[in-house]
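Atoms within each ligand, like the ligands themselves, are counted from 1 in listed order.
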Amino acid sequence: MKQEKELIFNGEFEDSEEEDDDQSQDQESDEELNKKKKKKSLQNTNKNLIMNVSDTQYPVVKFVGKMIYKFKLQYVPYQEVNNWDFCWTDNAVLPETLAKMQSHQKINHFPGMYSLARKNHLGKNLNKMQKQFPDDYDFYPRTWMLPSEYNDFKQQFGKAKTFILKPEASCQGKGIFLTRSIESVNPTEHYVAQRYIHKPLLIDGLKFDLRMYVLICGCDPLRIYLYKEGLARFATQAYIVPNTNNLDDVCMHLTNYAINKDNPNFIFNSDEKKMDVGHKRSMSSVFQLLRDQNQNVDQLLEDIKDLIIKTFCSVQPILQQHYTQVDNYANNMCFEILGFDILIDSSLKPYLLEVNHTPSFTTDTPLDQYIKKNLIADTITLMNINLKTKNEVILQKKDEMQRRVLTGKKTKLSNEEKKQIKLQCQRQRDEYESQNKGNYDLIYPCSKTYEEYLQHSLKLYEEWTGANIRRNQKKESVQLSQEPQIKSQSQPKKIILERKSTLYKHVQSRINTNLFPTSKNEQNKGDEIIQEGEEQPPNQIDTIPEADNDNFFPYEDYQQQSLESIKDLCSYTEKRGRELQILDLIQYRKADNRLNNSHIQQQNVQSILSPLSSIKGVLQGIAIKNVKQFAIRKNNKNVKSSSKQMNESEHDKQQENSSKNQIIPSQQIYSQGNAQGMNGAYLKPKVFSLKLSHPPKGYKLQSLPLLIQQNYTKFRYE
Ligand code: ADP
C-alpha cells in the first residue's frame with residue numbers, strides 16, 4: 001500500500017483538502033504504470049477512510065495518514081464521534097472507547113497499558129514475576145516502590161552504593177536524582193527507586209541508552225514486533241563512575257534528550273544519511289559500531305527480544321481482560337507502538353529502564369523525521385488499514401448476522417468454535433504480515449515457549465482480582481454437594497498467611513464470599529485455618545454468622561508504622577477518590593493467642609480501635625469526597641440468622657442488637673446503604689470484618705483497599 005516513490009517529510013505538515021496527485025509518471029514502462037495505476041486506485045478508495053487525528057500533536061502522524069495513505073483526516077474529538085476507521089491518539093485509551101468500537105475500527109492504544117507504562121506499575125509487575133522466576137526476570141535494575149517498600153530499600157544502603165530515584169509517573173528525566181545516602185530520601189514521598197547501573201557500556205566515553213520501538217498488535221494471544229531501527233541517545237558529559245562529587249551531573253548520568261539537548265556540547269544530527277554522529281544516532285549505527293568492535297550484537301539482540309516478551313507476559317492478562325469486551329477474533333482492533341528504553345552494561349547485558357506508551361514522535365532532526373515517518377508508515381501497512389479490508393470485515397459481520405437469522409441460531413459460539421475462528425484469522429494475519437512487515441521483525445509468537453510466564457502471570461492476576469476464587473467457589477460447591485461427609489470430618493484449620501499472595505487470597509475470598517456467610521459454614525470459624533496456598537472454602541450469603549471468640553490484636557509492625565501507612569493510604573485515596581467507594585478496617589488477629597475474650601476486650605479496645613480512629617482522623621482532615629463510610633462489624637453470637645435479602649433497616653437493627661456483644665463499641669459502627677459513585681458505578685457497600693493472622697513482614701495496609709476497590713467499582717482506569 002505504501003507508495004514506491006518515497007515522500008519526503010520535512011518535519012512540518014499542514015492538512016489541506018487539496019487532492020494529492022502523483023506527478024511522477026514520466027519515464028516509466030507500461031507495466032510499471034499499470035501497477036501504479038492499480039495502487040493509485042486503491043489509494044484513492046482510501047480517501048473514504050477516516051483517520052481521526054483530533055488527539056495527536058505530531059505532524060508526522062498526519063503526514064503519513066494523509067500523504068502516504070490518502071486517509072481523510074478528522075479533527076472532531078474521537079470520543080464524540082464514532083464514524084472514524086482509524087484513530088491515532090497521543091494519550092491512553094479508556095476501556096469504554098474500545099467497548100464502543102466496531103470490529104473494522106482500529107486505535108493505536110490498548111486499554112490497560114498503564115500497567116507497563118507507569119514506572120511504579122511496571123516495577124510492581126516485574127517484581128511479582130521475579131519472585132517466581134528470579135533468574136529469568138533479572139533484566140531490569142532491582143526496584144523498590146516507595147514509600148511502601150521503604151524499609152527494605154533502607155536496608156540496601158551499604159550493600160550497593162548508588163541508587164537512582166524517579167517520580168513514579170514522570171518522564172524526560174524530570175525529578176530524577178542519584179543518591180548514596182538514605183537521608184536524602186523522604187520516607188513518605190512516592191518514588192520508584194532502583195539500583196544504579198554503574199558500569200554502562202560507553203561509546204566515545206559517553207553513556208547512552210537505546211529507544212527501541214516495539215509494536216504490540218494483539219494481546220489475546222500476544223503478537224509482538226520489534227522495529228529494526230531506533231534511536232541511541234547519548235549523555236553529553238564524559239562518564240565517570242558515580243562518586244559523591246558527581247551525583248548531580250545529570251548530563252553525565254542521564255541520557256534523556258530533553259536534558260542533554262540544552263547542553264552546549266550537544267551535536268545535533270543534520271543529515272539523515274549521517275546517522276552515526278552526534279548525541280542522537282540511529283540504533284543501527286550503534287549496532288554496526290559494536291559489530292566493528294567484535295561485540296556479540298546478535299546475542300545482545302536475542303537478549304533484548306527475550307526481555308521484551310517477558311515484560312509483556314507480566315501484563316498479558318490485564319490487557320486481555322480489557323480486550324474481552326469486544327468480539328474481535330482477529331485480535332487486531334488495538335495496536336500500540338511502545339518505546340522500550342534499554343541500557344546496556346559493560347558486559348553487554350541489556351537492562352529495561354522503562355516502557356513508554358506514548359513515545360515521542362517529535363521530528364526536529366532529519367534523523368527523527370526519517371525513522372519516525374517510516375515507523376508509522378510500516379505500522380499502518382502491517383495493521384492492514386485500508387478500505388478493502390474494512391469492507392471485508394463489514395461483509396463478514398453481515399454474513400454472520402444473516403446466517404444467524406436464517407438458522408435461527410441465537411446462542412453464542414462455543415469456545416471450540418471461537419478457537420477455530422481465531423486460528424483461522426491468525427493464519428490469515430500470518431500470511432499477510434509476513435509479506436507486509438516492512439522494517440519490523442516478528443518476535444512473538446516464536447519458537448521458544450513463554451507459557452510458564454504467561455501462566456504464572458495469569459495466576460497472579462486471578463489472585464488479585466479474585467477470578468480464581470469465583471471459579472474455585474463453583475468447583476468447590478459442586479464438590480461439597482457431592483461429598484457432604486468431607487465437610488463434617490474436616491479438621492480445624494489454621495490461618496497461615498505468610499506470603500502476601502496468600503494474604504490477598506484470603507482477603508479476596510472474604511470479599512467475594514461477602515459479609516454474611518452462613519452460620520453452617522461459620523460454626524468452626526474461631527478455629528478456622530487456611531493452609532498455606534489453600535483456597536478459602538466458599539460461604540453462601542445467607543445469614544449473619546455466629547460470633548467467635550477471637551482475640552484481636554493490632555499487628556505490631558502495623559502499629560509501629562500505622563501513621564505512615566494510614567497517611568499513605570489517605571493520600572492514595574485522595575488521588576483516586578473518584579474510584580474509591582469504601583475503605584476497610586483490617587483487624588489483625590493473633591492466631592496462636594487464645595486468651596480469654598473478656599480479658600482481651602478490656603485490655604485491647606483502645607488498641608483495636610486505634611487504626612479506625614486514625615483513619616477517621618486523617619480523613620476528616622483531608623475531606624475525601626467519595627469515601628462513603630467505614631464499616632466494622634464483629635461477628636455476633638446473639639444474632640441468630642438473617643436472610644441475604646434482608647432490608648437495610650432490618651440489618652441496621654440487627655447490628656444495633658449485636659453491638660452489645662461486640663468488642664467494638666456501637667458508636668464505631670457505621671451503617672451501610674447503597675451508594676452511587678460519581679462515575680456512575682453502582683455499588684452496594686458492604687460491611688464486613690476481616691480477621692487476619694500475622695500479615696507477612698513488610699506488608700502494608702494500603703494494599704488492601706486496592707482489592708476492595710477492584711471489587712466494588714465498575715470502572716477502573718487511569
Ligand atoms: P524518564 O522516564 O524520566 O526518562 P528513565 O527511567 O528513562 O526516566 O531514566 C532516565 C535516564 O536515567 C535514563 O535514560 C538513563 O540514562 C538513566 N537511568 C535510569 N535508570 C537507571 C539505572 N537504574 N541505572 C543507570 N542509569 C539509569
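- Taking atom 14 (O) of ligand 1 as the reference point, the nearest protein heavy-atom neighbour is Thr255 OG1, 2.8 Å.
- Between the Gln132 side chain and the Lys128 main chain, no donor and acceptor come within less than 3.5 Å of each other.
- Between Phe268 and Phe266, the two ring planes are tilted [angle within 30° to 60°].
- Taking CG of Leu201 as the reference point, atom OH of Tyr239 lies at 11.5 Å (rounded to 0.5 Å).
- Looking at ligand 1, you won't find any N or O of Tyr196 less than 3.5 Å from one of its N or O atoms.
- Classification of Asp368 and Lys280 as a salt-bridged pair holds, one side-chain N sitting under 4.0 Å from a carboxylate O.
- Looking at ligand 1, you'll find an N or O of Gly173 within less than 3.5 Å of one of its N or O atoms.
- Distance from atom 23 (N) of ligand 1 to its nearest protein heavy atom, with residue and atom name: Arg195 O, 2.9 Å.
- Atom 21 (C) of ligand 1 has Leu353 CD2, 3.7 Å as its closest protein atom, hydrogens excluded (heavy atom only).
- With respect to atom 18 (N) of ligand 1, the closest heavy atom belonging to the protein is Ile164 CD1, 3.6 Å.
- The protein heavy-atom contact nearest to atom 12 (O) of ligand 1 is Leu254 CD2, 3.2 Å.
- With a 4.0 Å cut-off on non-hydrogen atoms, His253 touches ligand 1 through its backbone and not its side chain.
- Atom OG1 in Thr236 sits 3.5 Å away from atom CG in Asn263 (nearest 0.5 Å).
- Residue contact check: Ile197 has heavy atoms under 4.0 Å from atoms 22 (C), 24 (N), 25 (C) of ligand 1.
- In terms of protein heavy atoms, atom 19 (C) of ligand 1 is closest to Lys166 NZ, 3.3 Å.
- Atoms of ligand 1 found under 4.0 Å from any heavy atom of Asp209, numbered from 1 in the order shown, are 14 (O).
- For atom 9 (O) of ligand 1, the closest heavy atom belonging to the protein is Ile176 CD1, 3.6 Å.
- The protein heavy-atom contact nearest to atom 7 (O) of ligand 1 is Glu354 OE2, 3.4 Å.
- Between Phe63 and Phe9, the angle of the ring planes lies from 30° to 60°, which puts this pair in the tilted group.
- For the pair Glu354 and Lys166, the salt-bridge criterion is not met [side-chain N within less than 4.0 Å of a carboxylate O].
- Residue-ligand proximity: Lys207 is placed with a non-hydrogen atom under 4.0 Å from ligand 1.
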Using the rule given for ring pair (Phe, Tyr, Trp, His ring centres under 6.0 Å), can you reason through Phe163 versus Phe153, listing the C-alpha separation, both sets of side-chain angles and the distance that settles it, and then say yes or no? CA-CA 10 Å; Phe163 298 89; Phe153 179 56; 5.1 Å; yes
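- Checked for salt-bridge contact, Asp378 and Lys373 miss the test: no charged N lies under 4.0 Å from a carboxylate O.
- Close contacts between ligand 1 and Lys119 involve ligand atoms 1 (P), 2 (O), 3 (O), 6 (O), 8 (O) [criterion: under 4.0 Å to a heavy atom].
- Checking Leu122, Val192, Leu352, Asn256 against atom 11 (C) of ligand 1, the nearest heavy atom belongs to Asn256.
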